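Just below is one structure, and these are the notes that go with it.
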Amino acid sequence: MECYMHCSANFGKSCRWIAFIDLDEYICPHEATDIKEWIKRYEKYPGVILYWLMFGTAGRLHPDSEKTLIEQYTTSWQELRNTGKPIWNTAFPLEELFVHYLYGSVSIFGIKFKVPMVNESGSFVVYPDHHPLPRHNTIRINHYWSKSIEEYHDKMARGSAFSAKKNEIRRKVDFFLWHEHHVVRDDRVIFRFLTQLKMRLNGLDFNLPK
């Protein structure tokens with residue numbers, strides 16, 4: 001959280017939006033192809049939460065260096081989790097920030113009010129896990145929480161940056177299997193961007209010579 005607060009204090013004025021997401025979390029729009037256009041509808045709010053879709057190991061013992069991550073792990077939970085990560089609208093002073101939620105502030109006649117983030121339907125989210133999910137989601141975060149069994153083992157060895165209690169819970173095999181037992185379907189929505197990804201990774205240019 002110190003890193004988050006340092007980022008907001010030092011770089012909040014240099015951009016309009018800041019997304020607090022991890023390296024194993026990939027933003028995945030279902031319909032839009034440009035998140036900069038998608039997010040404009042939330043400019044009057046201090047932030048918007050993107051919900052997690054959890055992905056499992058797909059039965060992989062080890063990662064495949066010949067494939068991209070999104071090609072290796074295509075099995076997910078049936079439904080979105082009722083939590084995720086916030087994107088902060090820096091036009092609002094940041095009043096409170098946590099891993100999964102934030103509050104901005106507004107001043108009316110000199111009186112400051114805390115304003116929570118919203119979800120995609122425009123409903124205020126005071127705290128994740130305690131509100132219903134929108135009926136229709138057009139965007140989410142693919143959370144590649146475990147990746148392969150080898151990578152999950154390495155992740156547990158590094159430990160959690162959040163708390164010792166979280167470390168204790170996550171290192172139990174029952175917790176890992178609880179997560180895996182929720183992985184019940186194949187989901188390749190993010191494949192709509194796979195061709196673009198590979199073109200960029202390989203420096204391919206489709207512009208025809210004049």
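Keep in mind the model is a prediction, meaning the values are calculated, not measured.
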Would you find a donor on one side and an acceptor on the other, under 3.5 Å apart, between the side chain of T90 and the backbone of C15?
yes

In terms of hydrophobic clustering (I, L, V, M, F, W, Y; side-chain heavy atoms under 4.5 Å; direct or indirect links), are V189 and L69 co-clustered?
no

Flag if over 12 foreign heavy atoms under 6.0 Å of NE2, H30:
yes

Same cluster (ILVMFWY, side-chain, under 4.5 Å), F176 and V184:
no

Looking at R185, I'd like to know if its CZ atom is crowded, meaning that more than 12 non-hydrogen atoms belonging to other residues, nucleotides or ligands lie closer than 6.0 Å.
yes

Keeping the roles fixed (side chain from S107, backbone from K112), state whether a donor-acceptor pair exists under 3.5 Å.
no

L23 atom CG, neighbour heavy-atom count above 12 within 6.0 Å
no

I need the I27 CD1 to K85 NZ distance, nearest 0.5 Å.
10.5 Å

Spacing of CG belonging to L102 relative to CD belonging to E95, to within rounding of 0.5 Å
11.5 Å

Atom pair NE2 (H179) and CG (D174), whose distance is rounded to the nearest 0.5 Å:
15.0 Å

Is the CZ atom of R200 crowded by more than 12 outside heavy atoms at less than 6.0 Å?
no

Quick one: does any side-chain atom of E37 pair with a main-chain N or O of D34 as donor and acceptor, under 3.5 Å?
no

State whether a side-chain donor-acceptor pair under 3.5 Å links T75 with D186.
no

ring-ring contact (aromatic ring centres under 6.0 Å, His included), that's the test. Do Y42 and W38 meet it? Break it down for me.
CA-CA 9 Å; Y42 301 101; W38 177 89; 5.0 Å; yes

Can you check whether Y152 and W145 have ring centres sitting under 6.0 Å from each other?
yes

Establish, from distance only, whether the side-chain atoms of E120 and N137 form a donor-acceptor pair under 3.5 Å.
yes

Would the number of heavy atoms belonging to other residues, nucleotides or ligands and lying under 6.0 Å from CD of E96 be above 12?
yes

Can you tell me how far apart CE (M156) and CZ (F175) are? Round to the nearest 0.5 Å.
8.0 Å

Using 30° and 60° as the class limits, which term best fits the ring planes of H100 and W52: parallel, tilted or perpendicular?
perpendicular

Is the number of heavy atoms from other residues, nucleotides or ligands within 6.0 Å of CD (E66) greater than 12?
no

Give a yes or no on whether the backbone of P29 and the side-chain of R192 come within a donor-acceptor separation of less than 3.5 Å.
yes

State whether the side chain of E151 and the backbone N or O of S148 hold a donor-acceptor pair below 3.5 Å, judged by distance alone.
yes

If the plane angle is over 60° it's perpendicular, under 30° parallel, otherwise tilted; pick one for Y144 and Y73.
tilted

Salt bridge between D187 and R140, side-chain N to carboxylate O under 4.0 Å?
yes

Using the ring of Y103 (Phe, Tyr or Trp, six-membered ring only), decide whether K114 places NZ or CZ under 6.0 Å from its centre and within 45 degrees of its axis.
yes

